[in-house]
Every structure is written in structure tokens, then in C-alpha cells.
Amino acid sequence: MSIQDDKLFGFGCMRLPVLQPEDMTSFDYDKINLLFDTYLARGFRYFDTSYIYHNYQSEIAVRKCLVERHPREAFRLATKMPLRDVEDEADVSAKFEEQLKKCGVDFFDYYLLHNVGRHVWKKITDHKIFEFADRKKAEGKINYLGFSFHDTPEFLEEVMDRYAGMLDFVQLQINYLDMEQANIKGRECLEIANRYQMPVIVMEPCKGGTLIHLPEEAEKRMKAYAPNRSIASWAFRFAASQPGVVRVLSGMNTMEQLEDNCETFEHFTPLNEEEKEIINQVVEILNQETTIQCTGCEYCVHGCPRNIPIPLFFASYNSILKSTGASLGQYLLYNNVVGSGKGKASECIECGKCEKACPQHLPIREYLKDVTEMYEKGGWKNQSWLGAPPKNE
């Protein structure tokens, strides 16, 4: 089996359907079964999960909906070592064995060290985690070894220089908005991977939905060129058109998303020059926006001493800035969430744990001050037309 044998399109399991949005472990198993079955029936077979997704329960859902319902040769399974949680070398081994059991498999087709960065570099080197995974590969417990990455190009070069000989692929955040963004530098990271001839699997091609819900002017330009093509397809085709990319992941929780993505990759064609120029125009429009570029991964929530639902507050804040009509509803949502026992934005003690965990390297503590101004100091009223309805024109 070659790493390039499977088709371009992978199923990401970080955002599986749930019955209760506030409970990420309340899996809608019937819907997940249908999504997985349809994806496989359309000729795709790559599933990407992790030890930590869905409050540490995603691997169990994958076992129930995929592993226990389909022959092992019908799918390729990828999961990740939870670097943020490991304590010592014995714990690394214990967690790997736990993952095999939770997933219900004897080996992993693809195995990644999760979110390799400076914040866990000492753990990686002290506990010899890459060396451990390389031994498991030699034992036949791992077919392909890689890592996911959200740090600087300079650090990626350091990781590659030290461990490239053990690696089969790298998983990078590649999307058309982040290629030149100072906090991501997707183009530089991709160029480094290409230089090491390291196959690339793409995560966050739509940047957590940011590149699906575009400003009206941006969407208008895409629709003018291709009226029947979805907005999401532009993001997926951009990612898959990049040099060295062997797979693009999508976290899907509706049949509409799945069918649209299958259509994109069943009949995949790289972007042409005119389409690339349209995307450049869309990037210019997006860069004029003042919204928070949060992908909703929830890494920041883990360990927050005030239990602040940071991604939820950021998404709500973005909604207000994008649509004045959303102000009252988002204000009520904020208060309902706080009333359910979650921390207020103003209760942040600025410990910085969230920023150390954030793959996007966002200044979360500063953004929480903006959220506080919006919801706790009346800023939302200035974004609303409730007091002075717009004139009919």
C-alpha cells in the first residue's frame, strides 16, 4: 500500500453529529452510520480521528460506527498521540495501547503525533515519542507515521531536520486565507514539506467554516464564475491543488456536506488561473474583515481554570460583527451560556493556558476583552438596529 493509493478526500472526525450541541459526547450514531456508509459507498476510505476529539470519545464513536460495522480492509484509519496529555515514556506506551483498544483495531494505517510544537518539544525529546512510534511502525502496529503541525515554519524546519528519516507524511493547515497569514504562514510550511519531499495531508481547508460562510461580495464573485458550484468546493479544490498534497480532510456532520464534498473529489480538477485570481480577490475581501479567525477546535478550553467556552463566545462575537440583525439573539445566547454555569469572558484571569494551546496562535486574552465589551458592557446594542429600525428604501 502506498500513501498515495487512496483518494484525495478524507473524513475528519473532530466534528461528528451530536444530539445535544452542548454535549460533544452525545453522538447521533444513526447519522454517523449513514455518513460513514455513504462515504465508503462513494469510493472513499480515509478516516482521521484523535485521542482528544469529542472530549476523548471520538475514537470510541469511530469504533462503533466504522470498525465494528465494516471489514478492516475497507477503510484506512488515522489517529493521533495526545502530546499535551502524556506524562512519561510509560504513559506514551499506555496511551497507544489504549487507543488500539478504543478503536478496536490491531494496527493503525496512519499514526500522528498530535500538534507538534515548541510547547511540547521537551516532552517529545525527553520521552522519545517519535522513536517510540518508529518502533511501533517496525512492529507492524503503524503503517505510516507522521505528525500534525501548527507552529512556525522555522520550527517545522527543525522538526524535519531531526526526524524526517522516520516520517512518511506531515499534516498541515492549508487554506487560501492562511497561506500568507503571519500567525500560520501556510505557504512557507508547505514549501518546507515539499523541500523534504514529505507528502502533505491537509487539515482545516475551510478554516472551521470561515471559508464557507463568506461575505456577500466574496460569494458573489465565486457564483458569477461558477453558479452551480458550492462555496466550499473552492476551498477544497484550492487545498488539493497545492504541490505535494495527497489528501484533504473535511469534518462533516450533514449529508449535504458529504455529498457536495464527494462530488468535488469524484470529479476533481485543479484550479485554473482565472479561479486562482478570484480566490485572491476573496482573500482581499476577507482580510478587510475584523472577525476573530477561530476554527472552533476547542483546544483552548482544555484546562481553562474559569471554564470559559472560548470558541463559542468567539463564534457569537463574529456573528454580531457580520450581521447587525444577529445582535439581540447573540446577546441572549451569551447570557444563556453563562447562566448554564460557564465562565464569563470577563472572568478570564489571563493565565495564558489557552494561548499556549491555540493552534492558530490567536491573542485569546485580548479577544476575550473584546467579547466582554460586546456582551457585558453593552457593545452589542451599538451593533443592533433594535432601537432605531433601518429605513425602508
Side-chain angles (χ1 to χ4, degrees), residues 2-4 10 48 50-52 78-89 91-93 95-96 108-139 141-175 178-205 239-249 297 299 355-361:
S2 165
I3 197 169
Q4 296 180 323
D48 171 272
S50 161
Y51 186 91
I52 68 172
T79 194
K80 308 175 187 74
M81 170 65 68
L83 298 176
R84 75 183 190 191
D85 292 349
V86 297
E87 298 177 0
D88 50 36
E89 290 187 43
D91 194 34
V92 171
S93 179
K95 281 186 166 52
F96 183 82
F108 295 114
D109 301 283
Y110 296 76
Y111 194 78
L112 302 87
L113 272 62
H114 198 170
N115 193 13
V116 168
R118 295 185 190 278
H119 66 298
V120 289
W121 189 236
K122 192 174 188 301
K123 279 187 179 184
I124 291 171
T125 55
D126 285 356
H127 304 331
K128 299 179 174 60
I129 303 179
F130 271 114
E131 290 83 355
F132 167 84
D134 192 48
R135 289 197 302 274
K136 291 301 173 183
K137 184 178 171 184
E139 293 172 10
K141 298 293 185 180
I142 297 170
N143 284 340
Y144 294 108
L145 176 61
F147 65 98
S148 62
F149 186 82
H150 294 281
D151 212 301
T152 65
E154 294 77 16
F155 187 64
L156 178 59
E157 185 89 57
E158 187 176 338
V159 177
M160 288 291 192
D161 187 58
R162 181 163 180 167
Y163 292 113
M166 297 181 183
L167 299 170
D168 301 295
F169 68 97
V170 61
Q171 190 157 300
L172 300 175
Q173 178 168 323
I174 300 294
N175 59 69
D178 285 333
M179 295 304 275
E180 314 300 340
Q181 292 285 341
N183 60 329
I184 304 296
K185 296 185 178 178
R187 189 176 308 282
E188 289 187 45
C189 289
L190 182 62
E191 289 172 352
I192 291 169
N194 290 166
R195 193 165 68 249
Y196 280 86
Q197 298 184 313
M198 192 67 62
V200 173
I201 295 177
V202 172
M203 56 185 163
E204 299 291 357
S241 297
Q242 301 308 305
V245 168
V246 297
R247 197 148 301 112
V248 178
L249 304 178
C297 69
Y299 292 3
E355 293 182 7
K356 290 179 181 178
C358 178
Q360 312 305 317
H361 312 292

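Both backbone and side-chain heavy atoms feed into the values below; hydrogens, waters and symmetry mates do not. The model shown is predicted, which means the values in this text are computed figures rather than measured ones. Positions are given from 1 along the sequence.
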Do the side chains of [Y] and [X] get nearer than 4.5 Å, heavy atoms only?
{"X": "Met179", "Y": "Gln242", "answer": "yes"}
{"X": "Gln173", "Y": "Gln360", "answer": "yes"}
{"X": "Arg118", "Y": "Glu158", "answer": "yes"}
{"X": "Leu190", "Y": "Pro243", "answer": "yes"}

Is it the case that the side chain of [X] and the backbone of [Y] share a donor-acceptor pair, with hydrogens and angles ignored and the cut-off at 3.5 Å?
{"X": "Asp178", "Y": "Gly186", "answer": "no"}
{"X": "Lys123", "Y": "Val86", "answer": "yes"}
{"X": "His150", "Y": "Ala357", "answer": "no"}
{"X": "Asn115", "Y": "Pro359", "answer": "no"}
{"X": "Asp109", "Y": "Ala78", "answer": "no"}

Could you give the distance from [atom1] ([X]) to [atom2] ([Y]), rounded to the nearest 0.5 Å?
{"X": "Met203", "Y": "Asn175", "atom1": "CE", "atom2": "CG", "answer": "10.5 Å"}
{"X": "Leu112", "Y": "Met81", "atom1": "CG", "atom2": "CE", "answer": "11.0 Å"}
{"X": "Ile192", "Y": "Glu157", "atom1": "CD1", "atom2": "CD", "answer": "5.0 Å"}
{"X": "Glu191", "Y": "Leu156", "atom1": "CD", "atom2": "CG", "answer": "11.5 Å"}
{"X": "Asp85", "Y": "Asp91", "atom1": "CG", "atom2": "CG", "answer": "8.5 Å"}

- [ ] Would you sort out whether Gln171 and Lys80 count as a side chain to side chain contact (heavy atoms under 4.5 Å, CB included), showing the intermediate values?
- [x] CA-CA 11 Å; Gln171 190 157 300; Lys80 308 175 187 74; 3.7 Å; yes
Task: Short side-chain donor-acceptor distance under 3.5 Å, Tyr299 and His114 - done: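 A donor-acceptor contact under 3.5 Å links the two side chains.
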Open item on the list: Counting neighbours of CD on Gln197 that are heavy atoms of other residues, nucleotides or ligands and sit closer than 6.0 Å, is the number greater than 12?
Closed with: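 No, the 6.0 Å shell around CD holds no more than 12 heavy atoms from other groups.
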Open item on the list: Atom NZ of residue position Lys356 - does it have more than 12 heavy atoms of other residues, nucleotides or ligands inside 6.0 Å?
Closed with: no
Side chains of residues 124-132: which donor-acceptor pairs under 3.5 Å do they make with residues two or more places apart or in other chains?
from, atom 1, to, atom 2, distance (Å)
Thr125, OG1, Trp121, O, 3.0
Thr125, OG1, Lys122, O, 3.2
Asp126, OD2, Lys122, NZ, 2.6
His127, NE2, Glu87, O, 3.1

- [ ] Measure centre to centre between the rings of Phe108 and Phe96, then say whether the value is under 6.0 Å.
- [x]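 Judged by ring-centre distance (under 6.0 Å), Phe108 and Phe96 do meet the cut-off.
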Do you know which two heavy atoms are closest between [X] and [Y], and how far apart they sit?
{"X": "Val202", "Y": "Ile174", "result": "CG1-O, 3.4 Å"}
{"X": "Ala164", "Y": "Met198", "result": "O-CE, 3.9 Å"}
{"X": "Phe147", "Y": "Leu167", "result": "CE2-CD1, 3.4 Å"}
{"X": "Tyr51", "Y": "Thr79", "result": "N-OG1, 3.8 Å"}
{"X": "Asp151", "Y": "Gly117", "result": "OD2-CA, 3.4 Å"}
{"X": "Leu249", "Y": "Pro205", "result": "O-CG, 3.1 Å"}

- [ ] Please state whether the rings of Phe155 and Phe149 are parallel, tilted or perpendicular, taking 30° and 60° as the class boundaries.
- [x] parallel
- [ ] Using the side chain to side chain contact (heavy atoms under 4.5 Å, CB included) rule, take Val246 and Ile201 through it: C-alpha gap first, then chi angles, then the decisive distance, then the call.
- [x] CA-CA 6 Å; Val246 297; Ile201 295 177; 4.0 Å; yes
Task: Salt-bridge criterion met for Asp48 and Arg247 (N-O under 4.0 Å) - done: no
Open item on the list: Using side chain to side chain contact (heavy atoms under 4.5 Å, CB included), reason through Arg84 and His119 one step at a time and then give a plain yes or no.
Closed with: CA-CA 9 Å; Arg84 75 183 190 191; His119 66 298; 5.7 Å; no
Open item on the list: Using side chain to side chain contact (heavy atoms under 4.5 Å, CB included), reason through His361 and Thr152 one step at a time and then give a plain yes or no.
Closed with: CA-CA 10 Å; His361 312 292; Thr152 65; 5.8 Å; no
